[in-house]
Structure formats: structure tokens, C-alpha cells
Amino acid sequence: YSSVDPYIHHQLQHISSETVFKRGTPLEGNLYDIEKERITRHLRNNGYAYFFSNNFAELDADTTASQKKTTLYLEVVPPPGESSHQLYTIGNITIYSQFDATLPDSVYRDTIVDGFLFKLKEPEFLVRPQTILNSVHLHTGEMYSQENYDRSLQHLSSLGVFRFVRIRLDNDTDNPSVLNLRIELTQNKKYELGFDLDANYIDGYTLTGRGSLMGLAFSPTAQNRNLFKGAELNVTSLNAGVEVNFSALNTNAFWNSVELGLQNELYFPKFVDYLYLWRGMNRLPLGKKKLVSDGLYQSLQDKAASRLSARYNYVFNFGWYETSLLNASFGYDVPLDNNTRVVLDHVGIDFLRPVTQPAFDTILAANPFLARSFGKQLFVSLFFREFNLSKQRRPNRYGESGFNSLNIELAGAEIWAGNALYNAFALSQDTLRVSGTDFSQYARIEWDTRYFKEYTPNLGFAARFNI
């Protein structure tokens with residue numbers, strides 16, 4: 001590795017041990033492109049904002065040293081007409097948090113927060129400045145880093161309150177080694193309303209015999225993208241549906257069922273580590289490693305959005321039974337990359353309360369297994385409820401694509417452990433209940449994999465394996 005630029009030459013020697021060219025391995029044609037990408041990424045993350053893959057000379061291979069072996073010479077060349085590459089540091093950072101491309105700069109007023117210059121067109125901040133600054137990973141005086149530039153762009157975009165995000169690099173007019181940043185954030189609409197209307201028809205058997213069922217459901221949804229001025233996303237949805245039996249027109253069996261539901265989900269654009277559980281696991285040693293690695297903990301802090309949700313659902317099946325289901329949970333949504341997503345629920349509480357009618361009681365009396373499922377059920381998890389990992393494989397050049405999903409559910413483990421601990425010291429054995437309702441306990445693991453191959457636009461193959 002060599003370069004006439006002494007600092008570049010030093011950097012090349014410093015990272016030479018990480019090369020993809022390994023001694024004694026075959027020399028493949030694409031390795032040079034991978035090596036150039038590795039070096040380019042390192043240099044752009046260490047101040048060389050305008051270093052590109054065309055700043056390399058042709059790879060020189062010397063095969064005269066020994067038979068069937070070659071010595072490689074990689075050289076980084078300076079830009080045309082220059083003797084060295086420019087190293088950049090970050091200068092002034094200006095944030096247009098209410099950017100409008102049609103307005104001149106004179107319209108905006110200046111406000112400084114923690115050393116960052118904010119340009120505002122409204123009398124006050126629409127999004128709290130600290131929420132924005134938490135997503136900016138470039139700071140005045142630091143060397144330019146492409147990784148931090150990309151992280152800033154990604155995190156500002158993922159807040160959801162900005163329709164367009166642009167980070168512009170401007171050379172300082174007084175110091176050519178300084179890059180000033182201009183961050184332009186165009187506001188998104190704060191509110192969004194939508195609704196779904198669904199109709200279905202079934203001709204088959206019902207609880208009362210053969211019939212023709214027609215259902216109609218209406219589901220409005222309201223979103224607030226900036227509930228507390230911290231880019232919190234609140235989604236409220238309502239669903240209402242009714243199902244009628246046209247075969248029993250003008251009789252009491254005409255109305256078949258009614259369903260009502262209300263759901264609210266609140267997303268915070270940050271990782272909320274309640275009880276410092278993850279920080280504790282990150283510090284807990286596991287042999288020579290940690291229970292939660294630094295990389296995983298950093299990914300959670302960088303990418304996770306905390307989610308608090310609550311839902312109520314009511315179903316009334318005329319003449320048979322009615323059920324009420326109350327659910328609340330707290331967890332995280334973590335997009336690891338464009339194709340991989342993790343959904344993790346820590347806290348989960350579900351309470352099912354069914355009420356049966358005499359006609360349905362007769363059915364339950366003849367079916368004990370069904371009768372057990374129609375009792376009150378309470379599911380409580382305090383530290384772990386559900387983990388879901390899903391990965392989508394995009395179509396390749398052969399038309400192959402796929403999907404993989406792993407789901408793990410656990411309910412009642414903490415209650416079971418607490419009950420067992422109590423019984424170990426109590427004089428008499430007891431089972432913890434709430435108003436006469438036992439805590440349900442179960443564990444569930446599911447793996448789902450799918451494979452698709454497209455031969456022609458009208459012919460394909462699909463396979464699925466689930467366990």
C-alpha cells in the first residue's frame with residue numbers, strides 16, 4: 001500500500017491488516033473492487049469527504065517473485081493537479097427546522113440551541129429542538145464522517161414529522177478545510193385521516209344451520225405525527241362491524257353478530273429502556289463477552305422506536321355468547337436494515353372475559369375442551385412477552401425471493417416464578433389469582449419460511465414451511 005500523500009499513506013498502513021487480500025488464497029477479480037470500497041469507506045469516515053473509488057491507480061501485480069504466487073501493489077493517487085487529498089472538519093451547522101424552498105433566508109429568524117443555529121419561520125418550534133439534535137450525529141470541530149452523515153440523514157427521516165430531509169455540505173469561504181452543514185427539514189402534515197370499508201358474503205353453515213351471511217365493517221384511523229412536539233406518532237383506530245343472516249329475514253336470527261373495537265398506539269422516536277434492563281444486560285459479562293453485545297445495544301439506541309399500545313375489542317354473537325378482550329403492551333420496533341425487522345414486546349397484559357347464553361351453554365356442556373377456552377383468561381408478562389424477527393429476501397437475477405420469520409411468545413413466566421418462590425417459604429401452597437381468575441401460562445415458538453421463484457410473468461413456484 002502506498003500514496004504520495006503522507007497522511008493517506010499512514011492511514012493505508014494502519015488498516016492494511018483488514019485487507020480482503022489474504023495470503024495464500026486465490027486472487028479473484030472482484031476482490032479489488034471490495035478492497036477499494038473498504039478503503040474508501042474508512043477514509044470518508046475519517047475526514048476525506050470527497051474521496052472516491054476513482055482515486056486509485058490500477059492494481060499492479062508482480063508474478064516474477066515466485067511461481068503461482070503474485071505480489072500486489074495498491075496505490076492511492078491524489079486528485080488531478082493536486083499533491084494531496086483535502087482533510088475536512090465540520091464547521092458551522094445551520095438547521096432549517098421549518099424549511100420552505102419558496103422563501104428567502106431573510107424570512108427566517110435565528111435561534112441558537114446547544115451551539116446549533118436554528119432558522120425558524122414560525123414564532124415557536126413545531127418540533128422540540130432536542131428531538132432534532134438527538135438525530136444529528138455531526139458536530140462542529142469534529143472530522144467529517146460519512147457514517148455519521150448517513151446516520152443523521154436516516155434518523156431525521158425516520159422521525160416521520162419531516163416530508164423531505166436534506167443535508168448540504170458547503171465549503172467555508174475563509175477556510176478550505178472546513179465544511180459548513182445546512183440541514184433543510186420540510187415539515188410533514190401533522191394529521192392524517194383514513195378509513196377502510198369492507199363487505200363480505202358467506203353462504204354456508206352457521207351456529208343455527210345453513211344460512212347466507214353478509215357482513216359490513218367500517219374502520220376509521222387518525223394519526224398525529226407530532227403529539228407532544230417530540231415527533232411522537234399516535235395512531236388511533238376504531239372498527240365497527242355487523243353481520244346479518246339473510247336466510248332468516250324477519251326473524252330473531254336475522255342479526256348474527258356485532259363487533260366493536262378501539263385501538264391506540266403511541267410511538268416514541270427513541271429507545272426507552274425502562275428499569276435500565278438492556279443497559280444492565282450490556283454490562284453483565286458472559287464469559288469473555290457480554291450478555292448483550294455493544295453492537296446490539298448500540299443498534300437499539302440508534303434504530304429502535306418505543307411503542308405503547310392499548311386495545312379493546314367486543315364481540316356479540318346474538319343468542320350465543322359475547323366476549324370482551326382488553327390488551328395493553330410496551331415494546332420496540334427495530335428496523336435492522338431495509339429487509340430485516342425486529343418487534344419486541346416486554347410488557348404484555350391480556351384479559352379475556354366471555355359471557356355465554358343458555359343455548360351456547362348446551363354446546364359447551366358437550367364439549368369440555370371448548371368450554372375451557374371460554375373461561376376468563378388473564379395473560380401477564382412483565383419483562384418478556386413476544387419476539388418476532390422477520391427477513392424479506394428480495395428477488396435476485398434468477399427470479400428467486402423469500403421470507404423468513406421467527407416468533408417466540410411467553411406469558412406468565414414472571415408470575416409463575418413469583419408464585420413458586422412464595423410457595424417455597426409459605427406454610428401452605430397457594431396459587432396467585434386476581435378476582436378468582438388464574439394467570440394463564442404458556443410458551444410458543446413458530447418458524448415460518450417461504451420460497452418464491454418466477455419463471456415467466458404468468459408462471460411461478462411457491463413453497464412454504466411452518467413449524
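Reckoned from all heavy atoms, side chains included, excluding hydrogens, waters and symmetry mates. In what follows, residues are counted from 1 in the order of the sequence shown. Here the structure is a predicted model, which means the values were calculated and not measured.
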Original post:
Are K453 and Y451 in a cation-pi setup, meaning NZ or CZ lies under 6.0 angstrom from the ring centre and within 45 degrees of the ring axis?
Top reply: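 Here K453 fails the 6.0 Å and 45° test against Y451.
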More than 12 foreign heavy atoms under 6.0 Å from [atom1] of [X]: is that the case here?
| X | atom1 | result |
| --- | --- | --- |
| R394 | CZ | no |
| K376 | NZ | no |
| L286 | CG | yes |
| Q13 | CD | yes |
| H14 | NE2 | no |
| F218 | CZ | yes |
| K36 | NZ | yes |

Taking side chain to side chain donor-acceptor pair (under 3.5 Å) as the definition, give me every residue that meets it alongside [X], ordered by chain and number, with sequence neighbours left out.
| X | answer |
| --- | --- |
| S135 | none |
| S324 | Y312 |
| Y276 | none |
| N30 | none |

Subject >> Residues R182, D170; criterion salt bridge (charged side-chain N to carboxylate O under 4.0 Å, His left out); working and verdict >> reply: CA-CA 8 Å; R182 175 185 169 107; D170 296 325; 5.7 Å; no
Gap separating the [atom1] atom of [X] from the [atom2] atom of [Y], nearest 0.5 angstrom:
| X | Y | atom1 | atom2 | result |
| --- | --- | --- | --- | --- |
| N45 | Q146 | CG | CD | 7.0 Å |
| L291 | K289 | CG | NZ | 12.5 Å |
| R38 | D33 | CZ | CG | 14.0 Å |

Side-chain donor-acceptor pairs under 3.5 Å in residues 192-200, sequence neighbours left out?
residue	atom	partner	partner atom	Å
E192	OE1	R225	NH2	2.4

Does [X] reach the main-chain N or O of [Y] with its side chain, forming a donor-acceptor pair under 3.5 Å?
| X | Y | answer |
| --- | --- | --- |
| Y149 | I167 | yes |
| S145 | G47 | no |
| S306 | F268 | no |
| Q11 | Y7 | no |
| D345 | V347 | no |

Would you call [X] and [Y] a salt bridge, using N to O less than 4.0 angstrom?
| X | Y | result |
| --- | --- | --- |
| K121 | D105 | no |
| R307 | D333 | yes |
| R128 | E232 | yes |
| K229 | E124 | yes |

Subject >> Residues which pass side chain to side chain contact (heavy atoms under 4.5 Å, CB included) with L126, listed by chain and number, not counting sequence neighbours >> reply: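 L126 satisfies side chain to side chain contact (heavy atoms under 4.5 Å, CB included) with Q98, E122, Q187 only.
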Original post:
Taking only residues two or more places apart in sequence, or in another chain, which ones meet R109 in a side chain to side chain contact (heavy atoms under 4.5 Å, CB included)?
Top reply: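 Result, side chain to side chain contact (heavy atoms under 4.5 Å, CB included) vs R109: T111, L120.
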Original post:
When you look at N466 and E446, which way does the side-chain hydrogen bond (donor to acceptor under 3.5 Å, both in side chains) test go after all the steps?
Top reply: CA-CA 7 Å; N466 182 277; E446 180 183 10; 2.9 Å; yes
[X]-[Y] side chain donor-acceptor pair, cut-off 3.5 Å:
| X | Y | answer |
| --- | --- | --- |
| T19 | E35 | yes |
| S329 | S309 | yes |
| N313 | E259 | yes |

**OP:** Write out all pairs satisfying ring pair (Phe, Tyr, Trp, His ring centres under 6.0 Å) with one or both partners inside residues 333-353, taking only residues at least two apart or from two chains.
**Re:**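 Of all non-adjacent pairs touching residues 333-353, those that pass ring pair (Phe, Tyr, Trp, His ring centres under 6.0 Å) are Y274-H346, W278-H346, Y332-H346.
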Original post:
Under the ring pair (Phe, Tyr, Trp, His ring centres under 6.0 Å) rule, what pairs show up with a residue in residues 36-56, not counting sequence neighbours?
Top reply: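 Of all non-adjacent pairs touching residues 36-56, those that pass ring pair (Phe, Tyr, Trp, His ring centres under 6.0 Å) are Y50-Y88, F51-F56, F51-H85.
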Counting C-beta onward and ignoring hydrogens, is there a side-chain heavy-atom pair between [X] and [Y] closer than 4.5 Å?
| X | Y | result |
| --- | --- | --- |
| L43 | I8 | yes |
| T186 | D100 | no |
| L133 | V113 | yes |
| V258 | F318 | yes |
| F164 | E184 | no |
| L344 | V334 | no |

Can you confirm whether or not the ring centre of [X] sits under 6.0 Å from the ring centre of [Y]?
| X | Y | answer |
| --- | --- | --- |
| F379 | Y442 | yes |
| F374 | F360 | yes |
| W447 | F465 | yes |

Subject >> With F125 via ring pair (Phe, Tyr, Trp, His ring centres under 6.0 Å) - residues at least two apart >> reply: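 Applying ring pair (Phe, Tyr, Trp, His ring centres under 6.0 Å) to F125 gives F118.
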**OP:** Output all residues satisfying ring pair (Phe, Tyr, Trp, His ring centres under 6.0 Å) with H137, sequence neighbours left out; order by chain, then residue number.
**Re:**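 If we apply the ring pair (Phe, Tyr, Trp, His ring centres under 6.0 Å) test to H137, skipping adjacent residues, the hits are H155.
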**OP:** Show your reasoning for whether salt bridge (charged side-chain N to carboxylate O under 4.0 Å, His left out) applies to D273 and R279.
**Re:** CA-CA 8 Å; D273 188 9; R279 187 174 73 173; 5.9 Å; no
Original post:
If you look only at pairs with a residue in residues 145-165, which of them pass as a salt bridge (Lys or Arg N to Asp or Glu O under 4.0 Å), with sequence neighbours excluded?
Top reply: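 Sorted result for residues 145-165: R151-D302.
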**OP:** Please assess D448 against N404 for the test side-chain hydrogen bond (donor to acceptor under 3.5 Å, both in side chains), listing each intermediate value before the final yes or no.
**Re:** CA-CA 6 Å; D448 184 24; N404 286 283; over 6 Å; no
